[in-house]
**Q** 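I'd like to ask you about the structure that follows.
Because the structure is a prediction, the values reported are computed rather than measured. Numbering of ligands and ligand atoms starts at 1, following listing order.
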Amino acid sequence: MKETIDNPDLDFDRLHIWHPYSTMLSPPPVWPVTAAGGSRLTLADGRELVDGMSSWWSVIHGYNHPRLNRAAHEQIDAFAHVMFGGLTHNPAIELARRLVAITPEPLDKVFISDSGSVAVEVAIKMAVQYWHARNRPEKHRLLTIRGGYHGDTFAAMSVCDPVTGMHEIFTHVLAKQFFAPRPECRFGEPWDPADIQRLAGLLAENHGRIAALILEPVVQGAGGMWFYSPEYLKQARALCDAHEVLLIADEIATGFGRTGRLFACEHAGIAPDILCLGKAMTGGYLSLAATLTSSHIAETISAGGPGCFMHGPTFMGNPLACRVACESIDLLLESPWRERIASIEEKLRSGLAPCREFAAVKEVRVLGAIGVVELHEEPDHRALQRKLVDKLVWIRPFSRLVYIMPAYNINPVDLGFLIEKMVEAVGEL
Ligand SMILES: *Cc1c(COP(=O)(O)O)cnc(C)c1O
């Protein structure tokens, strides 16, 4: 067993295993990991990489954290899983208690599912069932903004950016939704009322057919790493209220502190009607997500047609994942996370600034513990990825973006190294 762990069979991997958004014809290289701790990944050849990705927003406390490990072991020794139909358990109850306490009012009803995409499906289903229960079944479509990413399942995909989400391939499968332009007013810059006019127009004209507006508050993640004005969000909230349209905030990427606030909605001081959480919820240990809504919406749905909410995954409320999520949330709230993220933000701002001088660079932007370098053109991804690994950092560029979002407790030396190597690699493009 030891041998296969230390010498992963990469030929088998190439021949038989899909990786995310990958190809089975000449697949790009993958690097075998044999250990991970703190902000370091150990490769099978013994090299240690400093991790800049937090495994896609999720590993906020670093890898192999003693408290998360202990929580997982304790829960496994008790029971790893039981079905959630007709049964319940402390890990789910305690997780829901924490989520209700830390998310904006009036969100107090929690649906626990197994991945971000499913949390989005559940949110959409809630919105549709809500209007159905109110005898407005014609309000079943969604409004969103371009540049978004909400997951890879079909309803989630229907509200992803139509271009990067490849809607043309799935034209006949995806539900047709309404799209407003991406907000152009940047985070921290003066507000321009013209920015929301298209969204306002779409709502005024089509609110009779729209169940909900869904968006990623303040930070659009996988759709382009774009930071927009909280004022847009504030006004979108007001427009939704005026036109009887629900607001779904997808905080699967932004939740649990990443933008400098516990939830990105707090930048605008608003509460959504439905909130999606995932990614960092278990500190990156296990796949888990949640969809929260208000008592009003939950009770309206429950009083409607089928007399229940129509969703129930096999691994709903998985005790092991819920137990680790409780520990991860406690760990976060007990830590000086605000100061840590402010300090990472400052280092990203000063450290990435030199990239602005490079011809290949279009823009550098930083918010919270997210640092983004946008290039003018798509780089040769395979070459750039290899170069970054050779420089002993794990950074995974996509499209025209090279970005990092380290663990909140990354040590200053590792963070400095990460930034230095990122700047070096971009400078060599
Ligand atoms: C990652 C992500 C999702 C999808 O989550 P999965 O766990 O990958 O299904 C949805 N919305 C946003 C904003 C995300 O960043």
Side-chain angles (χ1 to χ4, degrees), residues 18-22 53-60 103 111-127 142 144-162 164-166 174 177 182-183 212-228 233 236 247-259 261-265 267 272 274-292 311 313-318 321-322 324-325 328 367-370 372 396 398-399 401 403-405:
W18 292 101
H19 284 262
Y21 286 92
S22 189
M53 301 306 297
S54 297
S55 287
W56 282 332
W57 315 79
S58 67
V59 183
I60 56 175
T103 55
F111 191 102
I112 306 170
S113 62
D114 27 27
S115 79
S117 301
V118 173
V120 169
E121 298 285 327
V122 165
I124 292 171
K125 215 182 251 192
M126 281 179 179
L142 297 162
T144 189
I145 52 180
R146 284 177 184 263
Y149 177 78
H150 298 284
D152 288 351
T153 52
F154 279 97
M157 238 176 21
S158 76
V159 284
C160 287
D161 185 85
T164 57
M166 294 286 155
L174 290 181
Q177 315 292 16
R182 180 178 80 169
L213 166 64
I214 178 169
L215 45 71
E216 295 155 277
V218 179
V219 171
Q220 292 186 304
M225 306 297 289
W226 185 253
F227 313 150
Y228 64 89
L233 192 58
L247 177 62
I248 302 172
D250 179 351
E251 294 232 24
I252 290 165
T254 51
F256 303 102
R258 182 57 65 178
T259 69
R261 302 291 183 98
L262 204 48
F263 299 100
C265 281
H267 289 287
I274 301 173
L275 174 69
C276 302
L277 300 174
K279 289 199 162 96
M281 197 157 77
T282 62
Y285 267 53
L286 291 139
S287 183
L288 189 71
T291 309
L292 283 85
H311 212 90
T314 304
F315 287 97
M316 184 168 180
N318 175 253
C322 288
V324 176
S328 174
L367 179 59
I370 315 166
V372 183
R396 184 155 175 82
F398 78 92
S399 172
L401 304 164
Y403 67 102
I404 49 176
M405 41 203 186

**Q** Let me see the working for Y228 and L215 under side chain to side chain contact (heavy atoms under 4.5 Å, CB included), right down to the final yes or no.
**A** CA-CA 12 Å; Y228 64 89; L215 45 71; 3.9 Å; yes

**Q** Is S328 reaching over with its side chain to a backbone N or O of G283, donor-acceptor style, under 3.5 angstrom?
**A** yes

**Q** Check C265, C276, P272 against E251 for a side-chain contact (heavy atoms from CB on, under 4.5 Å) and give me the one that passes.
**A** C265

**Q** Nearest non-hydrogen contact with atom 13 (C) of ligand 1 belongs to which option: I214, D250, D114, V159?
**A** D250

**Q** Which atoms of ligand 1 are found less than 4.0 Å from any heavy atom of H150?
**A** 10 (C), 11 (N)

**Q** With a heavy-atom distance limit of 4.0 Å, tell me whether W56 approaches ligand 1 through its side chain, its backbone, both, or neither.
**A** neither

**Q** Among all residues two or more places apart in sequence or in another chain, which pass the side-chain hydrogen bond (donor to acceptor under 3.5 Å, both in side chains) test with Q220?
**A** none

**Q** Nearest protein heavy-atom contact for atom 14 (C) of ligand 1: which residue, which atom, what distance?
**A** K279 NZ, 2.9 Å

**Q** Side chain, backbone, both or neither: which part of E251 comes within less than 4.0 Å of ligand 1 when only heavy atoms are counted?
**A** neither

**Q** Tell me whether E216 contacts the main-chain N or O of G221 through its side chain, where contact means a donor paired with an acceptor under 3.5 Å.
**A** yes

**Q** Check each atom of ligand 1 against the heavy atoms of E216 and keep those under 4.0 Å away; list them by number with element.
**A** 13 (C)

**Q** Check step by step if side chain to side chain contact (heavy atoms under 4.5 Å, CB included) holds for W57 and F256.
**A** CA-CA 10 Å; W57 315 79; F256 303 102; over 6 Å; no

**Q** I'd like to check which ligand 1 atoms, numbered from 1 as shown, lie under 4.0 Å from a non-hydrogen atom of G151.
**A** 4 (C), 10 (C)

**Q** Among protein heavy atoms, which sits nearest to atom 5 (O) of ligand 1, and what does the distance come to when rounded to 0.1 Å?
**A** G116 CA, 3.2 Å

**Q** So how far is it from M166 CE to M157 CE, rounded to the nearest 0.5 Å?
**A** 11.5 Å

**Q** Go through ligand 1 atom by atom and flag the ones less than 4.0 Å from a non-hydrogen atom of S117.
**A** 4 (C), 5 (O), 6 (P), 9 (O)

